[in-house]
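Below you'll find the structure, written out as C-alpha cells, and then a few comments.
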Amino acid sequence: MASSAQSGGSSGGPAVPTVQRGIVKMVLSGCAIIVRGQPRGGPPPERQINLSNIRAGNLARRAAATQPDAKDTPDEPWAFPAREFLRKKLIGKEVCFTIENKTPQGREYGMIYLGKDTNGENIAESLVAEGLATRREGMRANNPEQNRLAECEEQAKAAKKGMWSEGSGSQTIRDSHHQKPVNAIIEHVRDGSVVRALLLPDYYLVTVMLSGIKCPTFRREADGSETPEPFAAEAKFFTESRLLQRDVQIILESCHNQNILGTILHPNGNITELLLKDGFARCVDWSIAVYTRGAEKLRAAERFAKDRRLRIWRDYVAPTANLDQKDKQFVAKVMQVLNADAIVVKLNSGDYKTIHLSSIRPPRLEGENTQDKNKKLRPLYDIPYMFEAREFLRKKLIGKKVNVTVDYIRPASPATETVPAFSERTCATVTIGGINIAEALVSKGLATVIRYRQDDDQRSSHYDELLAAEARAIKNGKGLHSKKEVPIHRVADISGDTQKAKQFLPFLQRAGRSEAVVEYVFSGSRLKLYLPKETCLITFLLAGIECPRGARNLPGLVQEGEPFSEEATLFTKELVLQREVEVEVESMDKAGNFIGWLHIDGANLSVLLVEHALSKVHFTAERSSYYKSLLSAEEAAKQKKEKVWAHYEEQPVEEVAPMLEEKERSASYKPVFVTEITDDLHFYVQDVETGTQLEKLMENMRNDIASHPPVEGSYAPRRGEFCIAKFVDGEWYRARVEKVESPAKVHVFYIDYGNREILPSTRLGTLPPAFSTRVLPAQATEYAFAFIQVPQDEDARTDAVDSVVRDIQNTQCLLNVEHLSAGCPHVTLQFADSKGDVGLGLVKEGLVMVEVRKEKQFQKVITEYLNAQESAKSARLNLWRYGDFRADDADEFGYSR
C-alpha cells in the first residue's frame, strides 16, 4: 500500500506526519480498522490502523483453545454500537490517515480522515462526539487535535450521548425493537431462563434473559467444571426440548448488564409461565416489573407450584400456614393510627389488635446530624412527611370498617447495637372500598416499599402493585420523592406550660367553638388535643363532671385506680380518639390545663359520660348552659344503678335543729374580680368598682412608657421598692421588689393582680411618680376562705387549688368578709350568677374539711358546712375515699381534727 502514499512535509524544519491513503476493507472494533491499497496485478497490501488518543470498548472474544486457563470475554459497554457506527460510515470508503506512533510489536496508531485529504471528517472526533469512545486516560490537551477531542467529549457528556446516557450498549438493539415481537431462532440454552438467540432479519446474536423469573443455574468451579444447582439440569432440558433450534418470537422488554430481558413466545405457549407453573423457576422482583403480560400472571403461576410443592418448592411452607381461616381474613373497625404503617383495630369479638401494613416503610430521618441532639425528637412532627402520612390514614380509616388479609407474621426480634427490639408483628393488606391502603400511601409518596432477599417469602400479597405505585410516585415526584423543600410542622406543645397557657387562654375563650383533633386520651375526662388553626397541642379537661381517677405511678408505690376508671377511659377512646371534634374553652387550672366542653358529632362528651354512668356531675356545672342536660342524664343513670351508681341509695336528709344566734352574721356581699389563686388556697381580688380606674391608669402608664421607654439595665432593684415590670405578654405592670438574688434573678410581686414572677433586672424599670400607689393604691387584695381547713397533704391541696382555679380564676364573684385574722381577712365567696358558695362546694366535693368555729353568729353556716362534709364522707369523695382517717391517723395524714 506504500505505493499510494503521498508526502505532505518538507525536508527542512520539524518532521511532519506523512499523509497516506487507502480504502477501508474491514472494521475490527470501535477504534481499529483494516485499510487496503488499490489492486495492482493481485491482492493489495493491507494495514491495521488503530485510532490514537481515544479508547472504545472491546468486542467479545472467545477463549483460545490452546490456553486452558483462558476465559471468554464479553462485549464491553458500547463496544458493538461503536463498531457498527464505523462499519456503516467507512466500509468501502476512501480515507486518508497519518501514523503518529508505532510500537515495538508493530502496532500502528494514527489519525483517520474520511476523504482524500485531512480536511475531511475526523473519525476519532466523530466517535467521541457520539459518546461511543473516550479520550485515553492521562492524556493532556497540549495541541489543537487533543483540545478538539476534549471539547467533543464534553459536548457528548452534556448531550448524554452514547455511554454518557443512562442506558447501556444493549439499548441500541432493545430500543429499535422495544415491545415488538421479533422473529428469532434459539441457538443455545445456557440454563432454564437464559438463552442465546439470533434475531431476524438482521442476524443479531444476543443473550436473552427471561423477564421476571430465574431458574436454578450451573455454578462454575475453580477447575473449570460446572456444578448444577438442584433442578438446574431439569430446567435446562425443559427449555431445550421446547425451544432449541425452534422458530420463536421474542418481545424485547428491557436490558440489564449487557443482557437483554425479554419474553419468548412459542405457538405452544409462553415458556416463562410454563417454567413457573412446573416449579422450575421463581419470580424475581428486579425484572418482574418489565414483564409486559402482567406480573400477576407470573405470581399466580408461582403460587400454583407452591401450593402443590412442585420441584424447587418441595419444602415450601406458607407464611400463614399456622393460622385459621378466620384469623387470615376478617373485617374490623379502625380505632387508632399508630404511625404511617400501623393501625389498631377492634375485632368483632371486642378484642383489640395491632396491624402493620405489609411490605412498606414509613418516612424516617435520613443521616445522623439531621436532628438537634438537645431537642427531644417528636417523630410525628419532626420526621418529614410523617404527619402527612398519619393524617392520610387518619382521615381515611378512623372509625371505618376495613378488610384485613394477613400476609405474614413477623416474629419478635431481640435488640442489637443499632436496631431496637421488636415484638411479634402481624403484617397484613388492609383494604377499604376495594382500595389497598398501603398502595395508596406509597403512590402519594408517603411511604416506601421494603426490598427483600429473593428467598424471603414474607411479603405483601400485592407486592408488585406496591412496586408499581412507588415507581409512579418517583416518576411524578410525589412526597418523599419530591425535589421540593420538605414541609415543616412547627407545633407548639403548651401542655403544662402555665405561662404560655395564660397567654393563650383569652384567644380560646373568645374563639367560642374551635376545631381540634384528639391526639391522646389520658383518662375518661383528660385528653391531649391538636388545634390545627393555632398549630399547638393542649391538655384539655372536661368541664362539669367528676370522672373516676385512673391508676397513678407515685414515687415508691402504684396508686390503684378508682372503680370504672378504665371503662371511662376506654369509652372516651372509642368515641373521640383521633377524631375531629369541637371544643369550648372556659378556663384553665393551676397546671396550665384548659377546661371546657368537647363536642363529637353534635354530642357533648361530658353528658355522654354521665349518661353511661361513668361520671358524676360536678357542682361547678351549675353555672353552665349544659347543667340541665347533665342533671337529667345523671338522674337516669342513678335509676339504672349501674357502674358508678351501682351502690347508690337515696339518703334521707338529716334535719339539724337551728340554734339561736345571739349576734347576727353580717352578710354584705360586694362584687370582686378574682385574679390569682396561690398554692396555699389564698386568693387575690380586684374591687369591681375601681376596675375602670385601674384600666385608665394602665393605659396612661403604657402610653407614657412608650414615649419615654426605660433604658435597659439602668434600673438597680432594691427590696421593697415599687417598680414597673415587663410581663410575658410584653406589657408593663406595676410591681414590688420582694427579693434580689442577683441581677438575673429578681423576685417581683404584681401589686394590681397578685401574681409573682422571677425576672432579670433588664425587664424592670423605675415606676413613674404619676402612677404610684399614692395616685391609685395597689388593687390586688389577699383573702382566705372562711370555715374551711386547707389540706396539708401536697396532692390533696393541689386538687383543691386546681378546683378553685378552674371555677373562679379570672371570673367575677361576690365577696363577704366573715372575720379577720393575723394573716389576711377570711371571707366567703359566691358565684356571681348562681350565688352558690364556693367554699361550701369544696366541702361537698370532699376536697377540704370544715373549720369549726364557736362564734354564735356562724353556727348556722357551720352547720350547713358540716352537713355537706358528712355527705361527702358518706360518698367517700376525695379526702374521704378511704373513710374517716382523722380519728387514728390524723398526724400521719397531716390533718388536725
Side-chain angles (χ1 to χ4, degrees), residues 24 26-33 49-60 73-93 95 97 100 109-115 118-180 182 199 202 204-208 252-262 290 471 474-475 477 483:
V24 178
M26 182 177 181
V27 176
L28 299 178
S29 69
C31 59
I33 63 174
I49 308 299
N50 299 280
L51 291 171
S52 61
N53 298 329
I54 70 166
R55 184 186 183 281
N58 294 323
L59 291 169
T73 57
D75 281 348
E76 291 186 0
W78 296 96
F80 190 77
R83 201 285 301 266
E84 286 296 285
F85 177 80
L86 291 188
R87 182 182 66 81
K88 293 176 182 178
K89 185 179 286 290
L90 299 181
I91 287 293
K93 302 287 181 66
V95 297
F97 57 92
E100 296 182 349
Y109 291 86
M111 303 295 290
I112 301 175
Y113 303 90
L114 187 60
T118 55
N119 294 323
E121 179 181 348
N122 187 320
I123 299 303
E125 292 177 4
S126 298
L127 280 166
V128 173
E130 292 297 321
L132 299 173
T134 61
R135 291 190 305 147
R136 286 194 177 274
E137 296 180 1
M139 187 194 75
R140 295 185 179 180
N142 51 17
N143 59 46
E145 290 81 5
Q146 293 173 353
N147 287 332
R148 180 60 185 158
L149 283 177
E151 292 175 8
C152 292
E153 186 172 65
E154 291 302 319
Q155 292 171 5
K157 287 181 179 178
K160 294 186 177 179
K161 288 187 174 182
M163 65 181 65
W164 309 115
S165 68
E166 296 177 355
S168 63
S170 297
Q171 203 81 9
T172 305
I173 299 172
R174 200 265 298 178
D175 283 348
S176 60
H177 302 289
H178 185 41
Q179 304 292 6
K180 301 173 184 175
V182 179
L199 303 185
D202 296 326
Y204 286 121
L205 188 62
V206 296
T207 299
V208 178
L252 305 180
E253 293 163 331
S254 184
C255 58
H256 177 75
N257 291 341
Q258 300 301 299
N259 293 317
I260 291 175
L261 295 172
V290 303
I474 293 173
K475 181 180 179 181
K483 295 180 181 179

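Along the sequence shown, residues are numbered consecutively beginning with 1. Bear in mind that the values here come from a model prediction, so they are computed numbers and not experimental data.
- Distance OG/S29 to CD/E76: 10.0 Å, rounded to 0.5 Å.
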ask   = For L199 and L252, what are the C-alpha separation, side-chain angles and deciding distance, and is it a side chain to side chain contact (heavy atoms under 4.5 Å, CB included)?
value = CA-CA 11 Å; L199 303 185; L252 305 180; 4.1 Å; yes

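- Evaluation of the side-chain contact (heavy atoms from CB on, under 4.5 Å) rule for S126 yields F85, E121 as partners, not counting sequence neighbours.
- The two residues K89 and I123 have their closest heavy-atom pair at CD-CD1, 4.0 Å.
- Atom CD of E130 is separated from atom CE of M163 by 11.5 Å, given to the nearest 0.5 angstrom.
- The distance from the OG1 atom of T134 to the CG atom of L127 is 10.5 Å, given to the nearest 0.5 Å.
- The two residues A82 and G30 come nearest to each other via the heavy atoms CB-CA, 3.9 Å.
- F97 contributes atom CZ, which lies 12.5 Å from atom OG of S52 (distance to the nearest 0.5 angstrom).
- Side-chain contact between E145 and N53: absent, with no pair of heavy atoms (C-beta onward) separated by less than 4.5 Å.
- Counted within 6.0 Å of NZ on K160, heavy atoms from surrounding residues, nucleotides or ligands total 12 or fewer; the atom is thus considered open.
- Counting heavy atoms from C-beta on, the side chains of W164 and K157 come closer than 4.5 Å.
- The shortest heavy-atom contact between G131 and A156 is N-CB, 4.0 Å.
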task = Please test L149 against E125 for side chain to side chain contact (heavy atoms under 4.5 Å, CB included), starting from the C-alpha separation and ending with a verdict.
result = CA-CA 6 Å; L149 283 177; E125 292 177 4; 3.8 Å; yes

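- Not counting sequence neighbours, the partners of A129 by the side-chain contact (heavy atoms from CB on, under 4.5 Å) test are C152.
- Checked against side-chain hydrogen bond (donor to acceptor under 3.5 Å, both in side chains), E153 has the following partners two or more places apart in sequence or in another chain: R135.
- Using a 4.5 Å heavy-atom cutoff, the side chains of V24 and L86 are not in contact.
- With L51 as the fixed residue, the side chain to side chain contact (heavy atoms under 4.5 Å, CB included) test singles out one of I33, V128, I112: I112.
- K93 is linked by a salt bridge (charged side-chain N to carboxylate O under 4.0 Å, His left out) to nothing, counting only residues two or more places apart in sequence or in another chain.
- The two residues W78 and S165 come nearest to each other via the heavy atoms CZ2-OG, 3.7 Å.
- In this structure, the side-chain contact (heavy atoms from CB on, under 4.5 Å) partners of I474, at least two apart in sequence or on a different chain, are E470, H481.
- Among residues two or more places apart in sequence or in another chain, the salt bridge (charged side-chain N to carboxylate O under 4.0 Å, His left out) test is passed with E151 by R148.
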